[in-house]
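Notes follow the structure.
Here the structure is a predicted model, which means the values were calculated and not measured.
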Amino acid sequence: MRIATWNVNSLKVRLPQVLDWLGEQQPDILALQETKMKDEAFPAGVFREMGYHALHSGQPTYNGVALLSREAPLDAVTDPPGLECTQRRLLAASIHGVRVVNLYVVNGAEVGSEKYAFKLDWLRRVRDFLEAERERHDSLVVLGDFNIAPEDRDVHDPEAWHERILCSTPERQALKAIQDLGLSDVFRRFQQPEGQYSWWDYRAAGFRRNRGLRIDLILASEPLATRCTRAWIDVAPRRLERPSDHAPVVAEFQE
């Protein structure tokens, strides 16, 4: 079973790239973030023609999350108790015996700002929701754009990013609190080359210079994580013309 996540930074712009990638990689489940469109504009029919069921929770211009899956999703949730919000940032469903939670975590703007405080509060509420999901589902995967680099090795220049947004201690502690529910970062279960990132700023030739951060993650409960056979970041779409600033992250699991 192949599960992937990709912040596409506007599905309207990146739809041809997503369709090509689906055809090449054939994931069983793909979580998308930053679709930036209303539900009625979401191209579910196009994905259906490729053999994918589609769920979408969107809004115009900002945010938006989607799940594409070979098997029909069940028990979908977009606004769990405690997380009701006009910002479309969470989508959960049961697919092929796995509870899948797609997150587009708040960016936070700047350490110490109101948006930063909102991010930390939102992450606390997400943790409470995930704790309840973990109690109900042995096989749980939480994936998406976390807007947090877990460790300094996930940052191209740790000194320059020290205690800045995406890398601050409170953000990392909030991520650790989620992982402490028994969720493993499957990418780090395997030996990986240095300098592996999933996001690069469009400015200052960030991708060409590999000045990136690893902020797109796939976290899995132990019964699922022990079945993970491979995890990687597919940088090929980032090389395309007019790419998203994120690359897909992929994990494979034994059925």
Practice task
Measure from NZ or CZ of R230 to the centre of the six-membered ring of F190, then state whether that distance is under 6.0 Å and the direction lies within 45° of the axis.
Solution key: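 No; the conditions do not both hold, so R230 does not lie above the ring face of F190.
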If only side-chain N and O atoms count, and only distance matters, is there a donor-acceptor pair under 3.5 Å linking [Y] with [X]?
X: N147; Y: K119; result: no
X: Q196; Y: R153; result: no
X: T5; Y: Q33; result: yes
X: N7; Y: E34; result: yes
X: R2; Y: Q25; result: yes
X: R99; Y: S139; result: no
X: D121; Y: Y116; result: no
X: S244; Y: N9; result: no
X: E163; Y: T169; result: yes
X: H156; Y: W200; result: no

Cluster overlap [X] with [Y], hydrophobic side-chain contacts below 4.5 Å:
X: L181; Y: L140; value: yes
X: L90; Y: I178; value: yes
X: V46; Y: M37; value: yes
X: V141; Y: V126; value: no
X: W21; Y: I233; value: no

Problem - is_close_aromatic(F146, Y104), centroid dist under 6.0 Å - result: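 No, the ring of F146 stays outside the 6.0 Å limit from the ring of Y104, centre to centre.
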4.5 Å side-chain heavy-atom contact, [X] and [Y]:
X: I29; Y: V100; result: yes
X: Y197; Y: V235; result: no
X: R89; Y: W122; result: yes
X: W6; Y: L30; result: yes
X: R88; Y: T78; result: yes
X: E171; Y: L120; result: yes
X: V65; Y: T35; result: no
X: R189; Y: T226; result: yes

For [X] and [Y], which heavy atoms make the closest approach, and how far apart are they?
X: P27; Y: Y52; answer: O-OH, 2.6 Å
X: E71; Y: H96; answer: OE2-ND1, 2.7 Å
X: P150; Y: I148; answer: CD-O, 3.4 Å
X: A66; Y: N102; answer: O-ND2, 2.9 Å
X: A93; Y: P73; answer: CB-CB, 3.9 Å
X: A54; Y: L68; answer: CB-CD2, 3.7 Å

Problem - Verdict with supporting geometry, D180 and K176, salt bridge (charged side-chain N to carboxylate O under 4.0 Å, His left out) - result: CA-CA 6 Å; D180 285 347; K176 185 178 184 302; 3.0 Å; yes
Got a second to check how far [X]'s [atom1] is from [Y]'s [atom2], nearest 0.5 Å?
X: L183; Y: L130; atom1: CG; atom2: CG; value: 7.0 Å
X: D28; Y: E252; atom1: CG; atom2: CD; value: 9.0 Å
X: L143; Y: D185; atom1: CG; atom2: CG; value: 11.5 Å
X: I95; Y: L74; atom1: CD1; atom2: CG; value: 8.5 Å
X: D145; Y: L32; atom1: CG; atom2: CG; value: 12.0 Å
X: L219; Y: L224; atom1: CG; atom2: CG; value: 11.0 Å

Problem - Verdict with reasoning, R134 to F129, per side-chain contact (heavy atoms from CB on, under 4.5 Å) - result: CA-CA 9 Å; R134 184 70 187 89; F129 166 68; over 6 Å; no
[X] side-chain N/O to [Y] backbone N/O, donor-acceptor pair under 3.5 Å:
X: Q87; Y: V106; result: no
X: S221; Y: D138; result: yes
X: Q17; Y: R242; result: yes
X: Q192; Y: F187; result: yes
X: R238; Y: A247; result: no
X: Q179; Y: A174; result: no

Practice task
Evaluate the ring planes of W199 and H246, with Trp represented by its six-membered ring, and classify them as parallel (under 30°), tilted (30 to 60°) or perpendicular (over 60°).
Solution key: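 Taking H246 first and then W199, their aromatic rings sit tilted (interplane angle of 30° to 60°).
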Practice task
Show your working on side chain to side chain donor-acceptor pair (under 3.5 Å) between Q26 and R70 and close with a plain yes or no.
Solution key: CA-CA 9 Å; Q26 297 288 312; R70 292 292 191 186; 2.3 Å; yes
Exercise for the section: Evaluate the side-chain contact (heavy atoms from CB on, under 4.5 Å) criterion for residues F47 and H53: first the C-alpha distance (whole Å), next the side-chain angles of each, then the deciding distance (0.1 Å), finally the verdict. Expected result: CA-CA 7 Å; F47 292 121; H53 300 269; over 6 Å; no
Over 12 foreign heavy atoms within 6.0 Å of [atom1], [X]:
X: F118; atom1: CZ; result: yes
X: E114; atom1: CD; result: no
X: E84; atom1: CD; result: yes

Practice task
Only one of D154, V142, L175, V105 passes side chain to side chain contact (heavy atoms under 4.5 Å, CB included) with L217; say which it is.
Solution key: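 By the side chain to side chain contact (heavy atoms under 4.5 Å, CB included) criterion, L217 pairs with just one of D154, V142, L175, V105: L175.
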Problem - Residues E133 and R136 bridged, charged N to O under 4.0 Å - result: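 Salt bridge: yes.
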Exercise for the section: For the pair R172 and D152, find out whether any cationic side-chain nitrogen is under 4.0 Å from an anionic carboxylate oxygen. Expected result: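 Between D152 and R172 there is a salt bridge, with a charged N closer than 4.0 Å to a carboxylate O.
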Practice task
Applying side-chain contact (heavy atoms from CB on, under 4.5 Å), run through I215 and S198 and close with a yes or a no.
Solution key: CA-CA 6 Å; I215 58 176; S198 64; 4.1 Å; yes
Handout entry: Derivation and outcome, side-chain contact (heavy atoms from CB on, under 4.5 Å), residues R14 and K36
Key = CA-CA 11 Å; R14 246 63 73 176; K36 297 183 177 180; over 6 Å; no
